[in-house]
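To start, the structure itself, in structure tokens.
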Number of protein chains: 2
Amino acid sequence: MEKIIKNPDFSDGEEILSEYLRRNFTVQVSGLCSVNYQGRAKSKLDRGERLVIKKQDSALLVHGPENYQPKNWQPEVDEWEVKAQEDELLLKARRKDPDEIVEIRFEDLEFLMVTQLVDSSDLKIRGHEIDIHESIEEDPKIVEEELKVVERERETPAGFIDVFARDSEGNYVVIEVKRNPDYNTVLQLQRYVDEIEDEFSLNVRGILVAPKMTDKVLDYLEERGLEFVGVEMEDVIASYETIDNSQKGLSDFNPDYEVD
Amino acid sequence: MEKIIKNPDFSDGEEILSEYLRRNFTVQVSGLCSVNYQGRAKSKLDRGERLVIKKQDSALLVHGPENYQPKNWQPEVDEWEVKAQEDELLLKARRKDPDEIVEIRFEDLEFLMVTQLVDSSDLKIRGHEIDIHESIEEDPKIVEEELKVVERERETPAGFIDVFARDSEGNYVVIEVKRNPDYNTVLQLQRYVDEIEDEFSLNVRGILVAPKMTDKVLDYLEERGLEFVGVEMEDVIASYETIDNSQKGLSDFNPDYEVD
DNA sequence: GCCTAGGTCCCGTGC
DNA sequence: GCACGGGGCCTAGGC
């Protein structure tokens, strides 16, 4: 930990923030504040105690005591302005594109902390839509017995077909994969099916493959003569071991701090 | 600030976390850790220094040194498990629905902080899509002269129509409003128009109302016989004063701390 | 409780 | 650089 100051006054705050906000440090400020935002929308947040975090890449988060999401934020800050006044510490964070500004006015500072986090590890994750595509290609019978995958990401004038296949009777099958299917998914599948039917002048099957489905979307699908096949995400998600194999043997954590 | 401990050992960590995680406190733990997640997907995050925040409603965030978004998280935790072991401090956060678990293994603790934030102010915001709906309802001529709004959020088998209206010639008009229109928006509008045409066996107009538009989406829209009308967000966003008027005169900040 | 749709979405990928 | 689509999306609003 570089620095922690409890109950700093506004001039302490101005000094520390001016020094560290623009640099490669994680800075926290907590205290009673109000926040205005203007940009793609406009918001006001009245006085309350919050935790403000400036990350090492300049991302700014204003977190209240609850919820996953920050109350205000700035994914990337281009210009900082810090000013101690008689009755407040003003912190402005401006972003250029889109042009937006977050203004935080602290009436009272509870603490101020400067640290530096070293983390070069990437998140390895399985269970994305792309992993379902791969499972189908490896083992098409999770969709249907005797299905043969012809092509992935087949391009049509209506967009890319996730998986293009033929069934045991030789029919063309268009497969659309979605983790979270909705009405638009149905129309998208419909468009691909229409496109392939035009191309081959044949009847074409359309199958939506997803780990879950709602009754209404299923109705909408079946009204159009399209089909649904469920998949188990557990079958799709690789084991921890498999994820492990994609990593290097040793962690690339490196304790050398980069200052600035 | 309730507590701050620098470089706590694992048994300190276990003690403090066991006491405070389940209660109405904001708890921060920072240090060298690795994180596993399993639930809707499965992920591994190798060792690195991170800031872990448990909010007062049990939301859990694992923030790396960069980016707006946490590397791992749990929007709501139902069960906590904390265990100091010889070489690590293990923190498990389980959620019941969906069933998922985040496991954080600390190899080294940099600091541990317990605070309590008091914030009962709501965020006042203007510029959401709903504000455009309201502008249209108040003054339909921003879309078209002599347009009459019939209904908002009209339900159809294909979903909800933002604004349902009739034009000067008595035609039905389906209006879809979007801040950020894209291809899917066109499909969505198409869905509604098709549904209303089926329902009334009439030709129905479809208008996409948005503050911006791209050439490709416009082409895609017009190919389908659908229309676009631009609106200015500035006309939609209320002034700060208007936002102010929606607030009570006095802040409802109350310095009484609720312990538990 | 499920379902629908928006978000200052953010963010990666492909053109 | 923009644009498109996914996300462990999250979250609010209806029913």
Side-chain angles (χ1 to χ4, degrees), chain A residues 35-43 45 59-62 66-76 95 97-102 123 125-133 153 159-160 162 177-185 188 211-220 233 237, chain B residues 35-43 45 59 61-62 66-76 95 97-102 123 125-133 153 155-156 158-162 176-188 191 212-217 220 233 237:
Chain A
V35 188
N36 286 341
Y37 158 78
Q38 182 157 16
R40 290 167 289 178
K42 183 184 287 194
S43 75
L45 183 58
L60 181 72
L61 310 173
V62 181
E66 291 166 356
N67 296 327
Y68 164 88
Q69 65 165 49
K71 292 200 164 193
N72 285 97
W73 69 91
Q74 200 77 283
E76 222 178 325
R95 183 188 187 186
D97 184 31
D99 187 11
E100 16 190 30
I101 189 161
V102 171
L123 182 72
I125 188 164
R126 291 293 160 96
H128 283 183
E129 187 186 301
I130 191 74
D131 299 318
I132 305 178
H133 295 195
E153 305 296 343
F160 289 85
D162 285 340
V177 177
K178 274 282 190 295
R179 271 185 60 98
N180 297 296
D182 60 15
Y183 286 98
N184 272 339
T185 310
Q188 205 178 333
K212 60 183 178 183
M213 175 53 59
T214 66
D215 292 343
K216 286 184 178 178
V217 172
L218 186 59
D219 287 348
Y220 197 70
M233 282 311 285
I237 294 176
Chain B
V35 188
N36 287 340
Y37 157 79
Q38 181 156 15
R40 288 165 291 178
K42 182 184 288 193
S43 75
L45 183 57
L61 310 173
V62 181
E66 290 167 355
N67 296 327
Y68 164 87
Q69 64 165 50
K71 292 201 163 192
N72 283 98
W73 69 92
Q74 200 73 286
E76 222 178 323
R95 183 188 187 188
D97 184 30
D99 187 12
E100 14 190 30
I101 190 160
V102 171
L123 182 72
I125 187 164
R126 291 294 161 95
H128 282 184
E129 187 187 301
I130 191 73
D131 299 319
I132 305 178
H133 294 196
E153 304 297 344
E155 189 168 7
T156 77
F160 291 84
I161 295 173
D162 285 342
E176 174 63 25
V177 177
K178 272 284 191 295
R179 277 177 52 98
N180 298 296
D182 59 14
Y183 282 93
N184 277 334
T185 310
V186 177
L187 286 188
Q188 200 178 341
R191 234 163 71 202
K212 59 183 177 182
M213 176 53 58
T214 65
D215 291 345
K216 286 186 177 177
V217 173
Y220 197 69
M233 278 314 282
I237 295 177

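Nothing here was measured: the structure is a model prediction, and the numbers come from that model. Naming: A, B, ... by sequence-line order, numbering from 1 per chain.
Counting to the nearest Å, the C1' atom of D:dC9 and the CE atom of A:Met233 are 14 Å from each other. Atom CG in A:Leu61 sits about 15 Å away from atom C1' in D:dC10, given to the nearest Å. Remark: C1' of D:dG7 and CZ of B:Arg40 are 9 Å apart, rounded to the nearest angstrom. Rounded to whole Å, atom C1' of D:dC9 lies 13 Å from atom CD of B:Gln74. Remark: C1' of D:dG14 and CD of B:Glu153 are 10 Å apart, rounded to the nearest angstrom. As a whole-Å value, the separation of A:Asn180 CG from D:dG8 P is 10 Å.
Considering only residues two or more places apart in sequence or on other chains, A:Asp182 meets the side-chain contact (heavy atoms from CB on, under 4.5 Å) condition with A:Asn184, A:Thr185. For B:Lys216, there are no salt bridge (charged side-chain N to carboxylate O under 4.0 Å, His left out) partners, not counting sequence neighbours. Remark: A:Arg95 engages A:Glu100 in a salt bridge (charged side-chain N to carboxylate O under 4.0 Å, His left out) (not counting sequence neighbours). Every residue meeting the side chain to side chain donor-acceptor pair (under 3.5 Å) condition with A:Lys178, not counting sequence neighbours, appears here in chain and number order: A:Glu176.
At the heavy-atom level, A:Gly39 lies nowhere under 4.0 Å from the strands shown. Within 4.0 Å (heavy atoms only), B:Gln69 reaches sugar-phosphate atoms of the nucleic acid but no base atom.
When the P atom is used for both D:dC4 and D:dG8, the distance is 22 Å, rounded to whole Å. Comparing the same atom, C1', in D:dG7 and in D:dT11 gives a spacing of 14 Å after rounding to whole Å.
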Polar atom pairs (N or O), protein with nucleotides 1-6 of chain D, under 3.5 Å:
residue, atom, partner, partner atom, Å
D:dG6, OP1, A:Lys178, NZ, 2.7

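Remark on DNA chain D: of its neighbouring residues A:Lys212 and B:Phe160, the 5'-side contact belongs to A:Lys212, judged by nearest-heavy-atom nucleotide. Between B:Asn67 and B:Gly159, the residue anchored closer to the 5' end of DNA chain C is B:Gly159, taking for each the nucleotide with the nearest heavy atom.
Taking the side chain as every heavy atom from C-beta outward, A:Ile132 and A:Met233 approach each other to under 4.5 Å. B:Leu187 has its side chain within reach of B:Tyr220: a pair of non-hydrogen atoms, C-beta onward, lies under 4.5 Å apart.
For CD of B:Glu76, the number of neighbouring non-hydrogen atoms (other residues, nucleotides, ligands) closer than 6.0 Å is 12 at most.
Across every non-hydrogen atom of A:Leu123 and B:Lys71, the tightest pair is CD2-O, 3.8 Å. A:Val217 and A:Tyr183 get closest at one heavy-atom pair: CG2-N, 4.0 Å.
Taking every nucleotide of DNA chain C with any atom under 4.0 Å from a non-hydrogen atom of chain A, the first and last of them, 5' to 3', are C:dC3 to C:dC10.
Under the Watson-Crick and G-U wobble criteria, each requiring two contacts below 3.5 Å, nucleotide D:dG5 is paired to C:dC11.
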